[in-house]
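Inspection log for the structure reproduced underneath, given as structure tokens.
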There are 2 protein chains.
Amino acid sequence: MSRTPSRASPAPLSGAGSQLQPQSQRRPPRAADGASIAGVAEQAGVSVATVSRVLNGHENVRAATRDKVLAAIDASGYRVNELARNLRTAESRLLLTMVPDFGNPFYAEIVRGIDSVARQHGYFMLLCDTGADPGRERSYFDMLRRRRADGAICLDPATIQQALGEASQALPWVACCEFDPEMGVPYVGIDNYRAAGDAVRHLLARGHRRIGLINSDVDYLYARQRQQGYLDAMRDAGIAPDPHWRMNLNSLDYAAGASAAARLMQRPDAPSAIFAVSDTLAIGVIHGLRSVGKRVPADVAVAGFDDISLAAQIDPPLTTIAQPMRELGETAARLLLQRLANPQANVPGVLLPHRLVIRGSA
Amino acid sequence: MSRTPSRASPAPLSGAGSQLQPQSQRRPPRAADGASIAGVAEQAGVSVATVSRVLNGHENVRAATRDKVLAAIDASGYRVNELARNLRTAESRLLLTMVPDFGNPFYAEIVRGIDSVARQHGYFMLLCDTGADPGRERSYFDMLRRRRADGAICLDPATIQQALGEASQALPWVACCEFDPEMGVPYVGIDNYRAAGDAVRHLLARGHRRIGLINSDVDYLYARQRQQGYLDAMRDAGIAPDPHWRMNLNSLDYAAGASAAARLMQRPDAPSAIFAVSDTLAIGVIHGLRSVGKRVPADVAVAGFDDISLAAQIDPPLTTIAQPMRELGETAARLLLQRLANPQANVPGVLLPHRLVIRGSA
DNA sequence: TTGAAAGCGCTAACAT
DNA sequence: ATGTTAGCGCTTTCAA
């Protein structure tokens, strides 16, 4: 059913740009100046094959010849046309990274990790903000089939990944942070279940028994895993947590955390501690708590998740679970590169360690 | 002198991926399955030209023919090879965005604006973190010459933009936030001089006379403009600001602001108010102030710049100058698209309005 | 060590 | 309305 979309029709530019276009030549514009490899070959008095060999650092070129070619390149200011090279070598040297929201500092650091590894290996990273929308996700995935990108790293909710269907498994991609081990797609992440348990056990050790959970959307596997970690840690402590202490939010931004916390505090048996599954949420929670007159941690303790750089800077500094964000990104990129280099080797899933960071908020 | 770099040699993948590669065929791998436009043409019993016309939504195709082609496409799962299309049409449909640090939430929102406009016009955005390094900047610019990208938006320090030299002016790019009006490159930004003055005048109106300035690197034109705005506003109020109240930092992160503020407070005549030229810095400043026992705003008032979403969430909420970040990005993208559509038209520089947002910190 | 030539898959001019 | 065909600029066989 999904038919190849015709080229996105560029919406007309508001204003200028339409009327004055007498340069509508019959053929694609030629390279600005440096022209093509043929021009260099001619200038240097060699064949295009030789120029190509020099360009690609092949060994079998006489030093004198190479110098002639190099001189011609310098003189003409020639730059290789990667459009042509890409077609010929059948690779775009682009790696896709799909994130649900790159405004979130958590993703920013992961993306940095991906980018740095990609670059080291001669790839560029194309960052795509899917907004956790299945439609957009699907259309980005299609870039793989259209050879616009050589591979992809997906950080979108596991539910969305699963909705991609069987066919997607043949495509060169890996999952990062969010993954379904059953899908047969390489992945990297952390043990969310244990990490959440660690956070809750810390709160319990501080004497709290009424602990709230401010969670994200259950489309995220990590949300379900962390909830289970919370539930089991509570149960192991002999506590039956009130379901009203749990909230699921469809946004991770500060404001969402703030209003959720305020709402939570309206309950008669309001929690004395809150575990938020993201630092951005937790920071909002602290703000929301203050807005209803609660002190942190005196009245209500707060624990977050991720350890973004901001966590240490707010007041009070945030107790949180640190994820190795940079390494998460680097590992994802390396797994993808492995899969690209060797398509049939089966790449493993890998789990990285987390760490409880105790600061002032809980 | 700069000679065309040979293709970045992919560093060997650590571990797997090298030994087992029996699929080293002599020619580039063919499209996985859907094959090429020729295959579709054959299946549909038409010529490749007709398939191409259908693909690109040309009108001059009989409905019946179009349906045959569409059917063949659906049946084969064909996807257009954009590598080939790009070579033929001589465009990559990629727009470069160069930022000094995309971990900074300020840039994140601008990038969103660029991305959304780019997409609306059928382009993808390639995000490049230059780390404000002239070398990296230069190498990214070279992607334009190598036809890897059709145009670029640069948010790097004006000093670095200027270092690109004359030759760069012929390239299709625009400046965003940072710009030298003299360079003849289209730009969009705000009036930093007036904005800084507005912030300082607000502090003065609150009765402060000892006002500190925590500024970023003077490589940034905006840093010099804001400093001048600060200086003139002080002078107009009849105050000769102590040079020791001014600091220039080479980082905009939270920690940098925190330590700068702590240092500033050690002076005997420490300021009673601080104007930080970035919200991230200001948030760090508040933290630093607290760490040396100062209350905000009771002991020291703090004003920031940018109005990132976090600004309203911290304690106390930050008084700041709001920049229209999203619009900044959108406008930059539109200017670039105009320049692309009509290379010889001279695109204007545009200044967007700022706004003082008064909250609790000052 | 070098060159000639065959494509990579597509678009568009030109012919029908 | 449709088909034929010439490239886009490059890499890579194969032959010399």
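So that the names make sense, note that chain A is the first sequence line, chain B the second, and so on, each numbered from 1.
- Annotation: side-chain hydrogen bond (donor to acceptor under 3.5 Å, both in side chains) contacts involving residues 126-136 of chain B, sequence neighbours excluded, comprise Thr130(B)-Asp156(B).
- Take Ser92(A) and apply the side chain to side chain donor-acceptor pair (under 3.5 Å) test, not counting sequence neighbours, and it matches Asp150(A).
- By the side chain to side chain donor-acceptor pair (under 3.5 Å) test, Asp67(A) pairs with no residue at all, sequence neighbours left out.
- A cation-pi arrangement, defined by a distance under 6.0 Å to the six-membered ring centre and an angle within 45 degrees of its axis, is present between Arg112(B) and Phe102(A).
- Between Asn56(B) and dT11(C) there is a side-chain polar atom (N or O) within less than 4.0 angstrom of OP1 or OP2.
- If you check residues 43-52 of chain A against DNA chain D, the residues with a heavy atom closer than 4.0 Å are Ala49(A), Ser52(A), listed by number.
- Take Gln169(A) and apply the side chain to side chain donor-acceptor pair (under 3.5 Å) test, not counting sequence neighbours, and it matches no residue.
- Rounded to an integer number of Å, the gap from Leu87(A) CG to dT11(D) P is 11 Å.
- Not a single side chain to side chain donor-acceptor pair (under 3.5 Å) links Arg66(A) to another residue, sequence neighbours left out.
- Summarising the geometry, the separation between OH on Tyr78(B) and P on dG9(C) is reported as 10 Å, rounded to the nearest angstrom.
- Screening residues 136-155 of chain B for ring pair (Phe, Tyr, Trp, His ring centres under 6.0 Å), with sequence neighbours left out, gives Phe141(B)-Trp173(B).
- Residues passing the side chain to side chain contact (heavy atoms under 4.5 Å, CB included) test with Thr65(A) are Val46(A), Thr50(A), Val61(A), Arg62(A), sequence neighbours excluded.
- Ala152(B) approaches Met98(B) most closely through the heavy-atom pair CB-CE, 3.8 Å.
- One can place NE2 of His58(A) at 14 Å from C1' of dT1(C), the figure rounded to the nearest angstrom.
- Rounded to whole angstrom, the span from the CG atom of Leu55(B) across to the C1' atom of dG9(C) amounts to 11 Å.
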* Dot-bracket encoding of pairs in DNA chain D, which uses [ ] for pseudoknotted crossings and | for another strand, Watson-Crick or G-U under 3.5 angstrom -> ||||||||||||||||
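- Of the candidate nucleotides dC10(C), dC8(C), dC8(D), dC10(C) has the atom nearest to the side chain of Ile37(B).
- The side chain of Arg88(B) lies closest to dT11(C) when the candidates are dT11(C), dT2(D), dG9(D).
- Heavy-atom nearest nucleotides on DNA chain D were determined for Ala84(B) and for Thr65(B), and the one closer to the 5' end corresponds to Thr65(B).
- Around CD of Gln43(A), the count of heavy atoms belonging to other residues, nucleotides or ligands within 6.0 Å exceeds 12.
- Summary of the strand contacts: Ala38(A) and Arg66(B) both lie near DNA chain D, and taking for each the nucleotide with the nearest heavy atom, the more 5' one is attributed to Arg66(B).
- Within the structure, every side-chain polar atom (N or O) of Arg62(B) is placed at least 4.0 Å from both OP1 and OP2 of dA1(D).
- Between the P atom of dC10(D) and the CG atom of Asn81(B) lies a distance of 18 Å, rounded to the nearest Å.
- The distance between atom CZ of Arg93(B) and atom C1' of dT11(C), rounded to the nearest whole Å, is 14 Å.
- Judged by distance alone with a 3.5 Å cut-off, a donor-acceptor contact links the side chain of Arg53(A) to the base of dG3(C).
- One atom, NZ of Lys68(B), and another, C1' of dA1(D), lie 11 Å apart when rounded to the nearest Å.
- Atom pair Asp67(B):CG and dA1(D):P shows a separation of 15 Å (rounding to whole Å applied).
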